[in-house]
Amino acid sequence: FTSQLQQDSDVEAQLESIRYFEDVIIHSSNNSQVYSSILTRTAMDDRYFYGIRLEACSALGRYIVKDSEPNNFSGGSVHLIKVFQNLFCYQDSNVPLNNDFTNFQNYFLQKGIPQYLNLVKNERNETPEFVKKFLLDVLTYNENSDNPYDDSYYLCTLIDVVVSCAISNSGDKKYLEKVIEQIHRYDNLEKWTPTYQLLVRKATILAKLRLTMAGLYDLHDLSEIASETLEEEFSSNTSVVPRLREGSQDITLASFELLL
């Protein structure tokens, strides 16, 4: 299957190889450094179709992080983070470079890898500490000032994954506080500079809803959210500008979810 992945130019054959590696990873009791290295090289090689690279990243996220590794395994999620750092971060850092979505293949990788890292779990079905920290750093230091493309969808993905990490590690109160701090930060930024279709505002509302349902957040600003939403819905600005009008309608529906 390694030869098929590396030498066969047919995308379906490459996908079959990755699915084989993924199946072995899921059902094997031992983590394989060799398979992790093969998948990492595939994810880094821009000669592959971007969908194949994403599938390789997805397979890397399937490794269980064990408390003790008999074979000194250092792949899986560690390799997946290294892929992201190599492509999108300053050297040897969790701080991302300024977003550049001019290369669509890289955009899908940059947006997809955090989602696959969110799937990484340890033996207690919790998100490992180093994965949580990395994802929170990527959200905290996200920078889009020099990017010709909007990063609203990417930001929504980052907010969603850090909230999932907080929920899966409900006992980590310090991490939860940092996540809530970032939610409030992006909520405030949205008020000053609305994003496309108010996507980030909707993401922060739904994030608060998820945390509240998990018993991790006290939604004391429910009436404020509802009143602001109604004001936005009937304001002249949102009714004239299509991207704002559609966004305000989505936020109204999200607010009603909170009320229910």
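If you read the sequence from its start, that first residue is 1, and numbering goes on from there.
The closest donor-acceptor contact from the side chain of S168 to the backbone of C165 lies under 3.5 Å. Of the possible polar contacts, one joining the Y48 side chain to the L5 backbone as a donor-acceptor pair under 3.5 Å is found. One N or O on the side chain of S36 and one on the backbone of G76 form a donor-acceptor pair closer than 3.5 Å.
With contacts defined as side-chain heavy-atom distances shorter than 4.5 Å, the pair L80/Y63 does not qualify. Between T195 and E190 there is a side-chain heavy-atom pair separated by less than 4.5 Å. Counting heavy atoms from C-beta outward, Y50 and L109 have side chains that stay 4.5 Å or more apart. Contact of the R41 side chain with the H79 side chain is not registered, since no non-hydrogen atoms from C-beta on lie closer than 4.5 Å. In this structure the side chain of L135 never reaches within 4.5 angstrom of the side chain of L139, judged on heavy atoms. Side-chain contact check for T127 versus Y175: every heavy-atom pair is 4.5 Å or farther apart. Under the 4.5 Å side-chain criterion, counting only non-hydrogen atoms from C-beta, Q6 is in contact with T2. Taking the side chain as every heavy atom from C-beta outward, L117 and F134 approach each other to under 4.5 Å.
In this view, S145 and N98, E143 satisfy the side chain to side chain donor-acceptor pair (under 3.5 Å) rule, not counting sequence neighbours. Under the side chain to side chain donor-acceptor pair (under 3.5 Å) criterion, Q4 pairs with E16, S17, sequence neighbours left out. Judged as a side-chain contact (heavy atoms from CB on, under 4.5 Å), and not counting sequence neighbours, the contacts of A203 are C156, I159. With sequence neighbours excluded, the residues satisfying side chain to side chain donor-acceptor pair (under 3.5 Å) with K133 are D137. Residues meeting the side-chain contact (heavy atoms from CB on, under 4.5 Å) test with E129, sequence neighbours left out: K132, D172. Residues forming a side chain to side chain donor-acceptor pair (under 3.5 Å) with S58 (at least two apart in sequence, or on another chain): none. With sequence neighbours excluded, the residues that form a salt bridge (charged side-chain N to carboxylate O under 4.0 Å, His left out) with D45 are R47. Residues satisfying the salt bridge (charged side-chain N to carboxylate O under 4.0 Å, His left out) test with R185, not counting sequence neighbours, are none. Not counting sequence neighbours, D8 has no partner by the salt bridge (charged side-chain N to carboxylate O under 4.0 Å, His left out) test. With sequence neighbours excluded, the residues satisfying salt bridge (charged side-chain N to carboxylate O under 4.0 Å, His left out) with R124 are D67, E126.
A distance of 10.5 Å separates CG of D23 from OG of S28, quoted to the nearest 0.5 Å. Taken from CD in Q110 to CG in N142, the straight-line distance is 7.5 Å, to the nearest 0.5 Å. Atom NZ of K191 is separated from atom CZ of R201 by 6.0 Å, given to the nearest 0.5 angstrom. Atom CD1 of residue I183 and atom CG of residue L206 lie 10.5 Å apart, to the nearest 0.5 angstrom. Here the CD1 atom belonging to I25 is positioned 9.5 Å from the CZ atom belonging to R62, to the nearest 0.5 angstrom. A distance of 5.5 Å separates CG in N147 from CG in N99, rounded to the nearest 0.5 Å.
Aromatic pair Y149/Y107: centroids not less than 6.0 angstrom apart.
Residues Y90 and V138 fall into different hydrophobic clusters, defined by Ile, Leu, Val, Met, Phe, Trp and Tyr side chains chained together at heavy-atom separations under 4.5 Å. Side-chain heavy atoms closer than 4.5 Å link hydrophobic residues (I, L, V, M, F, W, Y) into clusters, and following such links, even through other members, never connects F104 to L97. L87 and F49 fall within the same hydrophobic cluster, defined by Ile, Leu, Val, Met, Phe, Trp and Tyr side-chain heavy atoms under 4.5 Å apart, directly or through other members. In the hydrophobic clustering of ILVMFWY residues, with side-chain heavy atoms under 4.5 Å counting as a link, F130 and L158 come out together. Taken together through direct or relayed side-chain contacts under 4.5 Å among Ile, Leu, Val, Met, Phe, Trp and Tyr, I26 and V24 form parts of separate hydrophobic clusters.
Screening residues 80-89 for side-chain hydrogen bond (donor to acceptor under 3.5 Å, both in side chains), with sequence neighbours left out, gives Q85-N94. Within the structure, every pair that satisfies the ring pair (Phe, Tyr, Trp, His ring centres under 6.0 Å) test and touches residues 4-28, not counting sequence neighbours, is listed here: F1-Y20, F21-Y35.
No more than 12 heavy atoms of other residues, nucleotides or ligands shown are found within 6.0 angstrom of OH on Y141. In the displayed structure, E123 atom CD is contacted under 6.0 Å by more than 12 heavy atoms of other residues, nucleotides or ligands. Other residues, nucleotides and ligands contribute over 12 non-hydrogen atoms within 6.0 Å of the NZ atom of K111.
When all heavy atoms are compared, the tightest approach of D150 to Y196 is OD2-CB, 3.9 Å. Pairing each heavy atom of R210 with each of S164, the nearest pair is NH2-OG, 2.9 Å. Nearest heavy-atom pair across R53 and M44 is NH2-O, 3.9 Å. Annotation for I167 and L216: closest pair CA-CD1, 3.9 Å, computed over non-hydrogen atoms. Heavy-atom minimum distance, I52 versus V11: CD1-O, 3.6 Å.
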